[in-house]
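Computation of the quantities below employed the complete heavy-atom set of this structure, encompassing side-chain atoms and omitting hydrogens, waters and symmetry-equivalent molecules. Numbered from 1 within each chain, the chains take letters A, B, ... in sequence-line order.
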Amino acid sequence: MAEVIASSSPSPVSVRAIPRSDADRHEARAAWMLAAPAILLTFLFIILPVCAVVTLGFTDFELGYSGFRFVGFENYAELLNDRTFKQSLWNTFIYAAIVAPVSIFLALGLAMLIEAEGIGRSFFRTAYFLPVASLIVAMATVWQYLFHPSIGPINALLALVGIEGPNWLGASSTVLYSLALIGIWQTVGFNLVLFLAGLTAIPRDLYSAAEVDGARSAWDRFRLVTWPMLGPTTLFVTTISVINAVKVFETVKTLTEGGPNKASEVLLFTIYQEGFVYLRVGYASAMTVVFLLILIVLMFVQYRIQDRQVHYT
Amino acid sequence: MKHFTKLLATAAVAVTTAFPAFADTTLTVHYPMPGFFKDVMDTISKKFMEENPDITIQFANPSATYEEGIQTIMRQAGTSEMPDLTFIGLNRLRMADERGIPVDMGPLIQNDQNSMAEQGFSDTILKLAQVNGKQVGLAFATSNPIMYYNADLVKQAGGNPDNPPKTWDEVIALGAKIKALGNGVDSIDFRWQGDDWMFSALLFGAGGTMLNEDESEVTFNGPEGQKAMEIIDRMVKEAGMPVFTKPAGEQAFVAGKVGFAFQTTGALRNTIKNVGEKFDLRTAEIPLIDPENGKLPTGGNAVVILTKDEAKQDAAWKFAKFAAGPYGASVVVPGTGYVPNNELAAKSPEYLGDFYKENPLFQAGLKQMPRMIPWYAFPGANGVRVTQAIVDNTSRVVDQSATPQEALDDAASEVKRLLPRK
């Protein structure tokens, strides 16, 4: 993965060279032809739908009615006063603020532990990767059983040591944290594998060199070698984790339906409700635009901040 | 993935239409919830084709839920992909009608006056699938809310399982005793999540209504609504009802850890299957706040004709009548637990008369049939969203973050805002 990001750094190949000779022109034409399928598909499946969503966001289109009217910024004005939307923005923020950092640092710690251990490395790698490979909707039902307030194993275990377990998914005070727990469980494995790949790419002699230069403690070696060398990986992992956390939907839909009383209402679920249950496609499109903007801003800020500190090898 | 299955479905439809069957008319039928209805639909269509060799039934790809079903129909409405018949949730008929999707069955019934009564379509039953007096469909699978109880727990708590509670006071008192048994046992699972159906059961049971006659005023926060919400509050305060999510409540009940469950009779067959031999499962009529005039909301779906093609409409009407008629009901009832939407089917031994004698668990829903009134669908573009406002505020009572009065007042003011201005 580190290589993927490395290749996005400025490269000496210039695509904007102005063709001067016949050969150049020929080459340019060939390049366009080779790129054409990708450009066409990007246009069809990414640019066009985004344009459609942006356009629909300015209409009052409802599924089932034939026509629609342009309403300008009315949908966006409604969003400002929509209690559900505000709640769902806030819940998504809390969820992402828990899931992204915890799953990143937990994965980093585990990756270093596994990397340091010779035996059973592939076993642990597979074990931690299993949640990523499993179907989250099916696993959600398993979690729903584990979290069950009266017959669930987690609360049964807690009862053994004399603690009365919370009503994980049922109470509005705990539901978001329970969902975050499932989210972490789901993401750690993926992040772990990425970090493992990043760790193996660090040349061993750097550690020896650091030791010679006086980095005696493990913490010093981590701070001076591992962390900077993992820079590109960390940037990628952070990006993916944040996007995934903001995109949480399946667990909410299968386990809580946004309840109780909107305590687990998250952005994608709200969009789904508006668009597909209440059938207000125009309004849901406006929400989607806001959702996309949030993702874009997040990515932009992240790259700006982290890119300065990342050293590509 | 979804697109892929859709593609497959359209490909399948294209193939079948490319090779015309030998029958004169081919009807495409779409239905939701294959988990409940697939076997039922297969049986009914097979029998129908035997009796009507000139009509062929083919099924469009079924949708997982009522919501997905109606979305599919709305996307396909007016295109060549639109099926000829579909089954729509009773509380979504109004929304479909506001968008001009169903064919008015009024004239078709008019032409068929005599045989309709003969086939067990009474006026009460026809009313279930009417929107503002317009017949938009025929009720196909209908349900009402009943009381499920765990006879073992009732016995342990000192109750008599052969004489189940008849009033909410008795339910709450016995529930408290069941809760007191300890060992992780809970008293009541009241299915308030998901939609406003179970709140309607309490409200209609007290003789209340959601809105007034001309739909200009909210009335569910009146005295009947207050009584309804107070019952929920007392279930929590006096009987210790926990905040269950929908699946959690279901699991706990079939695991034998809950005394009473209040939900649709449509879930009966599945509940029987899931409980197995774990405990003695019984059912009874749901208590009513007003035992005299109390009513109950009707859940389920109706068969709706979509095709505007007149030749096809005749065939579609035949199928609709057949599916909603006595034979259809005699397939749906034992297969699911829904109550017969047809009076002939319920009484005649040729259809279900004997079934009810042999399966007493199914009788609770049957006995409540005279109380069934339509599941109220709110008017206007926000009709569906209104139900969510009621669910959210009910949940505040269940988790005790609001008093019944506060919750009702908040729900009423939210609903007022969402209703169309008159």
**OP:** Can you establish whether the number of heavy atoms outside Phe279(B) located under 6.0 Å from its atom CZ is more than 12?
**Re:** yes
Original post:
Which heavy-atom pair separates Ser150(A) from Gly184(B) by the least distance, and what is that distance?
Top reply: CB-O, 3.6 Å
Original post:
Quick one: CG on Asp392(B) to CD on Glu265(A), what's the gap to the nearest 0.5 Å?
Top reply: 7.5 Å
Original post:
Of the non-hydrogen atoms in Gln71(B) and Val277(A), which two are nearest, and what is the gap between them?
Top reply: NE2-N, 4.5 Å
**OP:** Select all residues of residues 131-148 of chain A having any heavy atom within less than 4.5 Å of some heavy atom of chain B, and report them by number, or 'none'.
**Re:** Gln144(A), Tyr145(A), His148(A)
Original post:
Ser172(A) and Asp399(B): which non-hydrogen atoms are nearest, and at how many Å?
Top reply: OG-OD2, 3.2 Å
Original post:
Roughly how far, to the nearest 0.5 Å, is CH2 of Trp168(A) from OG1 of Thr245(B)?
Top reply: 14.5 Å
Subject >> Nearest heavy atoms of Leu63(A) and Arg99(B), plus distance in Å >> reply: O-NE, 2.6 Å
Original post:
Quick one: does Asn167(A)'s side chain have a donor or acceptor within less than 3.5 Å of a partner on Val243(B)'s backbone?
Top reply: yes
Subject >> Ser395(B) (side chain) donor-acceptor with Asn261(A) (main chain) under 3.5 angstrom >> reply: yes
Original post:
Does Val193(A) have any side-chain contact (heavy atoms from CB on, under 4.5 Å) partners at least two apart in sequence or in another chain, and if so, which?
Top reply: Arg125(A), Phe129(A)
Original post:
Above 12 or not: heavy atoms from other molecules or residues under 6.0 Å from CZ of Phe249(A)?
Top reply: yes
Original post:
What part of Gln400(B) gets closer than 4.5 Å to chain A, counting heavy atoms only: side chain, backbone, both or neither?
Top reply: neither
**OP:** Could you grab the distance from atom CE of Met95(B) to atom OH of Tyr278(A), nearest 0.5 Å is fine?
**Re:** 11.5 Å
Subject >> Main-chain N/O of Gln273(A) paired to Arg385(B) side chain as donor or acceptor, under 3.5 Å >> reply: no
Subject >> Residue Glu414(B) excluded, over 12 heavy atoms near CD under 6.0 Å >> reply: yes
**OP:** Can you tell which part of Ala248(B) gets under 4.5 Å to a heavy atom of chain A, answering side chain, backbone, both or neither?
**Re:** both
**OP:** Specify which of Ala255(B), Pro247(B), Gly100(B) makes the most heavy-atom pairs with chain A at under 4.5 Å.
**Re:** Pro247(B)
Subject >> Rounded distance [0.5 Å steps], OG1 in Thr256(A) versus CD in Gln193(B) >> reply: 11.5 Å
Subject >> Region of Glu98(B) that comes under 4.5 Å of a non-hydrogen atom in chain A >> reply: both
**OP:** Starting at CD of Gln388(B), measure out to CD of Glu257(A) and round the result to the nearest 0.5 Å.
**Re:** 8.0 Å
Original post:
Heavy-atom distance under 4.5 Å to chain B: side chain of Pro149(A), backbone, both or neither?
Top reply: side chain
Original post:
Is the OH atom of Tyr76(A) crowded by more than 12 outside heavy atoms at less than 6.0 Å?
Top reply: yes
